[in-house]
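First comes the structure, then the notes that go with it.
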Amino acid sequence: MTTRSQIIQRKKIYEIPPTRKLFLGIVELLIALVILLGFVINTEPNTLTRFVMTPGGIDIGKMPDWVIPTLPTLIILTIIPALIGLYQLVRGFGRATNGMVGLSALCLIFGFITWQASGTSVNLAGMFTSAVLLAVPITLGAFSGVLSERAGVVNIAIEGMMLMGSMIGSLIGSITNNAWIGLVGAILSGLLLSLIHAILSIKYKINQVISGTVINIFSAGMTAFISQKYLQTNQALNSPPLFTRIPIPGLAKIPLLGPMFFNTNVFVYLTFILLIVIQVALFSTRWGLRLRSVGEHPRAADTLGIDVIRTRYEAVLLSGIVAGLAGGFFTLGSVGRFNEGMTAGKGFIGLAAMIFGNWRPLGAMGAGLIFGFADAIGSKLLLLGSAIPPQIMAMAPYLITMIVLAGFIGKGDAPAADGEPYEKE
Amino acid sequence: APAAPKAEEPAVEEPAVEEPVVEEPVAEEPVVEEPVVEEPVVEESKFLVCQITDTGGIDDKSFNQTAWKGIEDAITDLGIEGKYLESQEVADYEKYLNAFIEEGCDLIVTVGFLIGDATAAAAEANPDNNFSIVDFAYDPPVDNIVGQIFQTDESAFLAGYAAAAVTKTGIVGTFGGLPIPTVTIFMKGFVEGVNYYNEVKGTDVVVLGYDLEDETKGLFSMDFDDQQKGRELAVSLMDEGADVIMPVAGPVGLGAAAAIQERGNAYLIGVDSDWYLTAPEYGAITLTSVMKMMDATTFQVIESVLDGTFTGGNIVGTLANGGLELAPFHDLSDLISAELQAELDQIQEDIIAGKIVLQ
Amino acid sequence: MAPILELKGITKQFPGVLANDHIDLALNKGEILALLGENGAGKSTLMNILYGLYQPDEGDIFINDEKIVINSPTDAIDAGIGMVHQHFMLIPVFTVVENIMLGQESVKFGDFLDRADASKKILEISEQFNLPVNPNDLVRDIPVGIQQKVEIIKLLYRQAEILIFDEPTAVLTPQEADELFDIMRSLAKQGKSIIFITHKLREVLEVADRIMVIRLGAVVGETTPQQADKNSLAAMMVGREVSLVVEKETKVPGDIVVSIRDLLVTDKYQNIVVDHVSLDVRAGEVVGIAGVQGNGQTELVEAITGLRKSAGGQVTLMGRDITHATPRKITELGSAHVPEDRQMDGLVLPFPTAENLVLCTYYKKPFSKGAVLQYQIILEHAKRLIHDFDIRTPSALTPVSNLSGGNQQKVIIARELSRPIQFLMASQPTRGLDVGSIEYIHKRLVQKRDEGCAVLLVSPELDEVMELSDRIAVMFRGKILAIVDSQLVTKEQVGLMMTGEIPEEGFHANENRVVERTF
Amino acid sequence: MKREPNKFEEAGQVLLQEINETGDEPTTQKRSLWSAIAIPVLAILTGLIIGAVLVAATSTSVYEAFEHSFGEGLRTIFIEVFTAYKALFTGSIGDPAKISNALGSGDDRLIRAAFNPFLESLVQATPYIFAGLAVALGFRSGLFNIGVEGQLFIGAACATYVGYAITGLPFIIHMPLAFLAGALGGALWGFIPGLLKATTGGHEVINTIMMNYIAFRLTEWLLSGAMTRPGSGGMPISPLIQESAQIPQFFQSPIRFHLGFFIALGVAWLVWWLLFKTKWGLNLRTVGANPRAAKYAGLSIGKSYAIAMAISGALAGMAGGVQILAVNRSMALGLSSGYGFDSIALALIGNNHPLGVVLTSILFGTLRNGATRMMVVSKIPVDIVDVMQAIILMFVAAPAIIRSLYRLRKPKQEEETAFVSGWGGGQS
Ligand SMILES: Nc1ncnc2c1ncn2[C@@H]1O[C@H](COP(=O)(O)OP(=O)(O)OP(=O)(O)O)[C@@H](O)[C@H]1O
Ligand SMILES: Nc1ncnc2c1ncn2[C@@H]1O[C@H](COP(=O)(O)OP(=O)(O)OP(=O)(O)O)[C@@H](O)[C@H]1O
Ligand SMILES: [Mg+2]
Ligand SMILES: [Mg+2]
């Protein structure tokens, strides 16, 4: 046990390594160059870009379209990263470095969209709304991870729990013809799988990654098996009712934000409610303090009379509930039907979002949204007829995750006892 | 087997060219089968048709599923037995072919371009076995394989024309699963249909999601599993004003259907089979479907093996020979004026007659 | 008066070890009872039983003459028992108030934490027992001395009547220890009963009301500070006479081997932890760095040995600049390093002893020929070292995880000292070891020095630094306060400097005691 | 000394021999043969039993029979399960009756068909061996490589390209070259997250997951663009590889048994040798077991991670390469059924030891191969094999469950389970 040295001086050195300074400055100048050569010089003067600020299919909360002159906008968007890049090279931004790189990247993305949509229109609000929905399963998956890992249990089984949840949600929803009962089914299936994870990893202390892998393989096999055996031969078992949009009176009318957050799917509401609930529960309640203590230093918690095993069970089961809920989103909140492998790796991406968000609900949600946005922007650009091949465009969310992780986020602070079984002596 | 209860209906509705001839034995066979006493005899003599799906799986809402429906129809109508194996990966093709040859299948139906090599090799090694492959043709033709291909842009053309006529916003949309020819041919035909409408009527209907100039450009989900993605693509198209959408992406298209159903101000165009029948929950928004009658052609091939007329070669499904079709408008036929219907019929004739030439 | 706590016939068997053998113990109200015994004698085990962490195989526990069963820490807390553990049970990323209230939180509106209320209670306790802490500090940001106060407040917060201190002074300066003793006495005066575990005889004699000695799991005797002295206690503990002095001749040091100039090191949060340190170590001398743990020694050592990047300054070894050299390069230049944390840094626990003995040299001839490891040679090498350094292990292939702490340390010493070296960096080389092992390792270090090796010794044990070093550098808050000749200062003076003060009188009286003043 | 030295000295000698033979850490070897195999054997048995329950519980004829009578129900269960497992056995090992018939008839084709099931199981095992070694080597080096699937895709793409685009080379050069290209492609794909971990500390779990998706998209793009088969109109299928690049199959159809299996065994041996016999292996394992100690001992953690990821990726790339060169002969969409993910389970069941990986791969290959026949005969979806694999993995990983199920005694020496760390693990 190495003792951490005490802080000698509170003055911190926000020194960015010179190579990094140089590198980021060049990156920012390159961004400016790309906007200039790629967009500005290909734009006719006097064209307009129209951004529609109301998503389609919405009749409340309308907002006037936002029309901007394309060329001047693009020129401004060139100047911003250029100035940032120059300042970065000459002086450096210190603490604000990452933010400035982010700003430059935003200029690039916004410039791209503005340019692509020059002379026509693009529904910006729709894109945002889609991004939020695309972020939902990832964010819920990340929440699931936060809950369990904050108590020191690694949960890579989120994908499996989500897959099972989506299948059971569809099945039960179809049988009962009730989306809510279906959702309960999805949640229960997540709960059951997480119970297995808990028993294996907490009681039998088997390696948590192995335990998670067990559940992932089991779920993939079992859902495919049941799907082939029953759902495909009997469509009636695979057509649950769908949760539809529920506008929140008053709030739904707010332009732009209304459609995004207050006139949407029940799962979006649940995600935001969970964000607040988990954030508050973890950091402001007795229960959360104890849960985190178990994830940081289970022996210390034990000596204070906290039941480590029980707390971990609770956390893992809650994690399963949230993962099951996320699973339910696919069949009950999105498409109303199960097909094999339909979670398409969202659980793993959720896990990435959790790490990315530093094991915090708010961070996890941010990461989920970055992912959702990358995905939505990619589709939008393809739709506008982008020159980038769709396969390459589809890489965007993954590339962005990697770049952000590599460049702009420090090493995460995983809970200290994450992944370690607790051995009571 | 998908959509079991509904399976019979389309069989009645499909006026496949040679179908009436076959329907005779239908009535008799089941009657003979009923008595349990004959079980051993039936088991020995039962005619076995085996399908190997590509990696999309039997419930792909696309060619695997449609071809299997042909076999299912044959099971009910001709009293044959059917089996299938779902490929998990490319290496399974050859293995499954061997397994079915071992099993003594009378006809092996494989699905998709990607099984082409393996099917050809198996056919060469087993000249006495009969094969058929969906969505692939051999050049030169192989003696014991029937390749079934489809000039799908013909029926998609009709769909495009209809869509252009129906749209109120002047914008229609499409997206695909992957930018591959069997997918993009739908999108291409669709766009050409819309363009033809514009040409004839002097309108300016726009198609989002596909670029005639460059078949690799366009809107694709890059996945045949992720229905949520399909949903968001449809939403995105609707946001940009599209009110008729044709998803060419297997089950991912059902995600789009869900989105359209929710918005309620756009229409869906199904692909491969008549979605009004295979996905009845979206019947109210299904304008029509670009049908690729792989079930009918597969059924034909089974029949030909049964009655000993099987010869290798390629069948090209076209509007002319009934291998392609535009599905009825069902609940939405009100949207189609008699005039428009007449135009569609005319266009179909023109295509058959070669007056309208697709690229 | 009946004792507040009574243990009768407590027995605990671990696989192969009888850790507690029918131990009887009685504790009176308001009394400080010292529990004394060498490493592995069974003290911690006994206390863990009392605290509900272990279950005894036999024996009963009475509190106020009432027999109770303690199945868990909760039971112990309910019975009014509290414990300051040998390794602090604090959560670094939690604040002081969170750490203290954990398990007995102040809440409002059902389950919401009421940090303000808890802070108020903490400040009251802090006032009453003179234990100043800031409730809102993160524990990872406060010095160990304060951390210990937090541990004590944790017990008082739970209204513990019986307080157990397991080796509480191991991480404290003598002054801090004295402060702790004051606190203990005041606690006892206010009616708390204390069990105090330590290896340090001086402390026992100073603070205890009564002394109990345990050896090999059994009580070997009881005495009081008035009746006993250091030698009698040591003999009781170990069962033989022990020499407590290191024999060492004065030597004239040779050339500078290691030179540190203006070294600046930061932690991962960019806080400065080593603040412009300059120091020379010459051939044939031991320079000891005294200081309370957590004053930058760890980071200083890591920077010297290449394990940590320095933010400024320069380190040279035999005239070569090694400021930015890799650990391997530094090792190859002829330096050796006994790390502070043997299990985390020094050993790969699941690997066999033999592999651990070549951890720094396996890639060189003769242990590797080309890419292929020469296991036969590695094994012979291991057997020789096991013999030479008297490492008690069943075989060279036993995983080091199965060795006792002392023997694990010997594996490291053997590995590091068996190479030809000019410089030895020894961090806490005897941490947690018993007298016998300490004796041995000290002998080896002095032997290395006598062979002409430059030795830099870092240890929070003032005695160790005083006895081994030729010169002593006192480190405080990342700076070297002074470098002094070990012959010319008293322990008290160094102890005082460890708290950041320069003892004025002593230094005025004899200016040449300060070899170098660096501030 | 609290223990008798003599006993241990003896044990030490025995262990020394074992180290020389298997190179594993001695503690894992301190078990008798039975206790070493009891757990896996019983785990497999239990997996089969639970699979049988699943077969029976989802069979409509069983329910019908139970409606008839209880005895009939039991009989039907027995028949159903027996038929299914007989198919599993004959489909993966062979049908004794068929073998003797075929031998009697002397017909080449029949004989080949009769012996095919067993050999086909080995064919199925081959990519598992490579992928399993990739994961195992990662774990041994302190890395959790979830990116084997993506590395496999890139490896396959590289092998394919070299396989068809280069012409005129003799077999002896072309085949190894294509295979190595696969390894190299995988190595590159593994190296990137390794390098990122080494330089930025970016977690390899996230990065390898991301690299998987990027690899899928990239290969799709290549297959329908630069690498598409001429005349296919942009179908995602590559040209057939040259004959000179093919890894030869030993027999004629339907037997696909090929040289790749022996290459896999050779590579497994090589990995074992590398890990346990060379200084590089010791380096990797040290970093894997205790990165702090490794750093202290002068090893470069970052370099070790990057190298380990590259080697792991190379092994994964070989899995892709061998499938292309020996079995598929061209690359197309749907290349892998998830070898990269299955191999995580596989490596863990095999205790991250090359020998364990080989044996488990053969088990997995056998199960998958048999499942085909089971589907053909009983129409049981092949996915049941996944369920059984999960259950076997669970029981292998938690021997305590098996022990309590079968009332086995607890071993004296705590078994060393495979090394896998949580997220924090392996970071310096
Ligand atoms: N969990 C355990 N399993 C097996 N043996 C143990 C365990 N805990 C302690 N022991 C053994 O019991 C004996 C007593 O250990 P204990 O920790 O009580 O000693 P101690 O007197 O506190 O020593 P120290 O001064 O080193 O703290 C030792 O031999 C130790 O190895
Ligand atoms: N987990 C364990 N498994 C097996 N034996 C153990 C374990 N822990 C401790 N031991 C044995 O218990 C004995 C005491 O261990 P411990 O670490 O307490 O030693 P110690 O008394 O502190 O010795 P030293 O004085 O050398 O530090 C040793 O012989 C050690 O081998
Ligand atoms: Mg000890
Ligand atoms: Mg102790």
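Convention: sequence-line order gives letters A, B, ...; per-chain numbering from 1. Everything numeric here is computed off the predicted structure, so don't read it as measured data.
- Remark: Phe283(A) CZ is packed, more than 12 non-hydrogen atoms of other residues, nucleotides or ligands lying under 6.0 Å away.
- You'll find the side chain of Glu105(C) stays beyond 4.5 Å of the side chain of Thr285(A), heavy atoms only.
- Each of Thr74(C), Ile91(C), Leu102(C), Asn99(C) has some count of heavy-atom pairs under 4.5 Å with chain A, and the biggest count is that of Leu102(C).
- Taking non-hydrogen atoms and a 4.5 Å limit, the residue list of residues 312-324 of chain A in contact with chain C is empty.
- Counting heavy atoms from C-beta on, the side chains of Arg299(A) and His85(C) never come closer than 4.5 Å.
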>> Applying side-chain contact (heavy atoms from CB on, under 4.5 Å) to His297(A) and Phe94(C), what does each step give before you reach the verdict?
In response: CA-CA 11 Å; His297(A) 194 336; Phe94(C) 281 15; over 6 Å; no
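- Glu98(C) places a side-chain heavy atom less than 4.5 Å from the side chain of Leu289(A).
- Proximity to chain A (any heavy atom under 4.5 Å) is restricted, for Lys154(C), to the side chain, taken from C-beta onward.
- In this structure, Tyr269(A) has no ring-ring contact (aromatic ring centres under 6.0 Å, His included) partners at least two apart in sequence or on a different chain.
- Atom CE of Met101(C) sits about 12.0 Å away from atom CG of Leu304(A), to the nearest 0.5 Å.
- Within 6.0 Å of atom NZ in Lys205(A), more than 12 heavy atoms from other residues, nucleotides or ligands are found, so the atom counts as buried in its surroundings.
- By the ring-ring contact (aromatic ring centres under 6.0 Å, His included) test, His197(A) is found to be paired with no residue, residues two or more places apart in sequence or in another chain being considered.
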>> Is there a side-chain contact (heavy atoms from CB on, under 4.5 Å) between Val280(A) and Phe112(C)? Walk through the geometry before answering.
In response: CA-CA 9 Å; Val280(A) 169; Phe112(C) 287 87; 3.3 Å; yes
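- Listed for the Asp111(C) side chain is a donor-acceptor partner under 3.5 Å among the backbone atoms of Trp287(A).
- The neighbour count for Gln13(C) CD, taken as heavy atoms of other residues, nucleotides or ligands under 6.0 Å away, is above 12.
- Atom OG of residue Ser284(A) and atom CZ of residue Arg115(C) lie 6.0 Å apart, to the nearest 0.5 angstrom.
- For Arg360(A), there are no side-chain hydrogen bond (donor to acceptor under 3.5 Å, both in side chains) partners at least two apart in sequence or on another chain.
- Between Gly305(A) and Pro73(C) the shortest heavy-atom distance is N-CB, 4.1 Å.
- Counting heavy-atom pairs closer than 4.5 Å to chain C, the top-ranked of the candidates Ala416(A), Ala301(A), Ala300(A) is Ala300(A).
- Rounding to the nearest 0.5 Å places OG of Ser72(C) at 8.5 Å from CG of Asp307(A).
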